[in-house]
2 protein chains.
Amino acid sequence: MLSEWCSHNAYPCRVHEPKTTTTAGELPPTDPAKTRQTEPRPGTAAWWLARESEPARQRRRRALTLDAVLDAAMTLLDTRGAAALTMRNIADALGCTQASLYRHVRNREELVTLLIDRAIGPASSTPPDDLDWAEKAAWSARRFREHLLRHPGVASLLRGTERLGPNSLAGVQYSLELLIGAGLSPRLASAAASSLATFVIGSVHLNLGLDMSDPEEIRHRRLLYRSRDTATFPLLVQHADTLAEVSSDDEFEVGLHALLTGFRSLITNGPAELPTDGR
Amino acid sequence: MLSEWCSHNAYPCRVHEPKTTTTAGELPPTDPAKTRQTEPRPGTAAWWLARESEPARQRRRRALTLDAVLDAAMTLLDTRGAAALTMRNIADALGCTQASLYRHVRNREELVTLLIDRAIGPASSTPPDDLDWAEKAAWSARRFREHLLRHPGVASLLRGTERLGPNSLAGVQYSLELLIGAGLSPRLASAAASSLATFVIGSVHLNLGLDMSDPEEIRHRRLLYRSRDTATFPLLVQHADTLAEVSSDDEFEVGLHALLTGFRSLITNGPAELPTDGR
DNA sequence: AGCATAAGCTAACGGCGTTCGCATAACAGA
DNA sequence: TCTGTTATGCGAACGCCGTTAGCTTATGCT
């Protein structure tokens with residue numbers, strides 16, 4: 001399981017900047033958002049760029065590498081879930097102290113950002129060649145979803161971050177290939193690709209702690225729908241049995257199909273129907 | 001701003017169950033998942049049902065109601081963000097202690113679950129009558145998204161929970177009205193409605209801490225795309241400028257349009273094209 | 001009037017992310 | 001080979017978090 005997660009390039013350990021100790025009488029930085037313009041927030045384009053331009057110094061000592069930290073975090077995430085992904089647990093798994101982790105990672109957010117990109121790596125795989133573009137897109141989307149469902153911890157961390165890491169970019173490149181090849185403009189292809197990704201991630205994300213196929217849960221849902229007020233929720237009461245049994249797989253397949261159908265019509269009819277395309 | 005959040009029915013305070021102190025020699029519960037079958041997890045259908053069937057006892061004393069707690073939590077969430085939504089801060093805002101909150105709420109998860117449903121209330125509003133069903137759906141989806149964008153804290157809490165509260169159900173009822181009225185079967189309408197909701201929530205969720213229209217961020221993205229390896233990421237490099245400027249609004253509009261187009265084709269062509277509909 | 005109890009408070013627990021200061025091992029240049 | 005520099009580990013602590021136990025007090029019912 002461990003070898004599933006590919007490692008990327010190694011980075012030097014973090015330097016321990018003296019935090020610019022404000023000497024007595026000196027004003028503290030007035031606008032932290034401005035003065036901290038160095039060290040951008042993890043996940044932003046600026047952060048990825050800065051990270052790459054850092055010189056790869058040689059590492060020393062007993063080699064607790066960033067990759068080792070991420071490996072430990074990854075297995076922890078897979079085996080014990082997102083809630084167990086604490087600095088303490090990672091350090092314990094590695095046999096070091098929490099403080100040591102901060103030599104390789106600025107903070108937990110940065111660790112998670114790196115982890116997400118690494119975890120997304122094995123999700124992208126090329127579909128069979130004899131499919132048309134829409135079938136290929138559907139194939140990839142399903143694979144991506146299955147990967148996330150297999151690793152719920154990863155899915156629960158996917159949030160609020162642009163997907164700009166090397167592994168994520170590979171997915172973007174592939175989607176663009178598909179959609180531009182199918183006839184969409186680069187701009188529309190980009191928007192379509194990210195809306196598809198949004199849908200896949202969202203559909204996994206919103207059903208995380210849930211087993212919608214659990215018969216007990218279905219029973220409770222049916223009971224809930226049935227017992228609503230008929231006047232205000234007529235359809236819920238009327239179709240309680242049907243609604244209670246709709247699974248997240250159904251939701252995904254219907255949404256996926258609809259999105260791809262929509263993309264196809266966008267190709268044949270052109271983007272004329274998009275509201276207020278200019279902005 | 002406070003009055004935007006409608007309150008629902010008041011509930012009795014939580015009783016302080018003595019935790020069934022295991023008398024000496026008695027075995028502790030072997031399988032907690034089984035023995036805790038009472039008190040289901042917040043957000044599940046069973047939990048909403050149990051909550052309703054609780055008798056509404058009269059409240060006493062200086063009236064720190066559940067509604068007051070949720071009001072305080074809501075304003076806190078709106079003004080200081082999700083990270084500031086701590087039991088301590090809520091208690092401080094109310095002028096009480098943290099422990100008092102637990103008289104009205106089992107734990108933080110329950111509070112958040114109630115908060116989410118309450119926060120979703122004002123998001124649903126009926127569109128103008130002279131639109132066709134697809135335009136109405138688009139109108140509602142945009143309103144929902146705008147509401148979430150105005151209240152990012154709410155959006156960041158929307159996760160992993162079924163949307164079964166009274167306010168959420170109102171949205172479901174309305175979507176079903178629209179889609180069944182348009183000609184979809186109840187089952188397909190339900191799947192379509194939740195995939196649409198998933199897309200709206202997901203698209204807000206994944207762009208939470210981000211301002212994709214920030215020129216500085218766009219510049220960095222362009223730089224990032226441009227500096228990729230041309231051999232592995234040809235399209236990213238080639239269309240760097242275009243890609244960097246695609247906004248989350250673009251993504252949303254394209255996805256929304258595609259979904260609705262897909263639904264429409266599902267109505268005219270029937271569900272024959274859905275893969276493996278039977279399960 | 002008296003009682004049961006709902007509903008507040010004080011104080012504490014363990015766990016979390018993070019930082020400070022120090023120790024030490026590895027390399028660089030002499 | 002020695003020496004100074006620096007990367008990289010560690011111990012201990014800080015402040016915040018959610019949660020609980022045990023108490024006190026005010027309330028409404030009989």
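Naming convention: chains lettered A, B, ... in sequence-line order (proteins, then strands); numbering from 1 in each chain. Since the model is a prediction, treat every value here as computed from it, not as a measurement.
Where A:Glu109 and B:Ala99 meet DNA chain C, the nucleotide closest to each residue was compared, and B:Ala99 sits on the side nearer the 5' end.
Under the 3.5 Å distance criterion, with hydrogens and angles disregarded, a donor-acceptor pair is assigned to the side chains of A:Ser100 and A:Thr97. For A:Thr75 and A:Asp78, the side-chain atoms include no donor-acceptor pair closer than 3.5 Å.
Under a 4.0 Å N-O distance rule, the pair A:Glu110/A:Arg51 qualifies as a salt bridge. Taking 4.0 Å as the cut-off between side-chain N and carboxylate O, B:Asp117 and B:Arg163 do not count as a salt-bridged pair.
Per the geometry, CZ belonging to A:Arg106 stands 10 Å off P belonging to C:dT19, to the nearest Å. Nucleotide C:dC13 holds its C1' atom 13 Å from the OH atom of B:Tyr102, rounded to whole Å. The interatomic distance linking B:Arg108 (CZ) with C:dG15 (C1') rounds to 15 Å, in whole Å. C:dA12 atom C1' lies 17 Å from atom CE of B:Met87, rounded to whole Å. Atom CG of B:Asp92 is separated from atom P of D:dG18 by 12 Å (rounded to the nearest Å). Taking atom CD1 on B:Ile90 and atom C1' on D:dG18, their separation rounds to 11 Å, with Å as the unit. Taking atom CG of B:Leu64 as the reference point, atom P of C:dA7 lies 10 Å away to the nearest angstrom. When rounded to the nearest whole Å, the span between CG of B:Leu66 and P of C:dA6 equals 17 Å.
Residue B:Ser213 holds its OG atom at 6.0 Å from CD1 of B:Ile218, rounded to the nearest 0.5 Å.
Between B:His104 and the phosphate of C:dG8, there is a side-chain N or O to OP1/OP2 separation shorter than 4.0 Å. Between D:dG11 and A:Thr97, no contact under 4.0 Å exists linking OP1 or OP2 to a side-chain N or O.
Put simply, the side chain of A:Arg88 and the base of C:dG15 share no donor and acceptor less than 3.5 Å apart. Contact of B:Arg103 with C:dG8 (side chain to base): a donor-acceptor pair of N or O atoms is detected under 3.5 Å.
Closest to the side chain of A:Gln98, from the set C:dT18, D:dG9, C:dA7, is C:dT18. Nearest to the side-chain atoms of B:Ser100 among the listed nucleotides C:dC16, D:dG9, C:dC9 stands C:dC9. Among the nucleotides D:dC10, D:dG18, C:dC16, the one closest to any side-chain atom of A:Asn89 is C:dC16.
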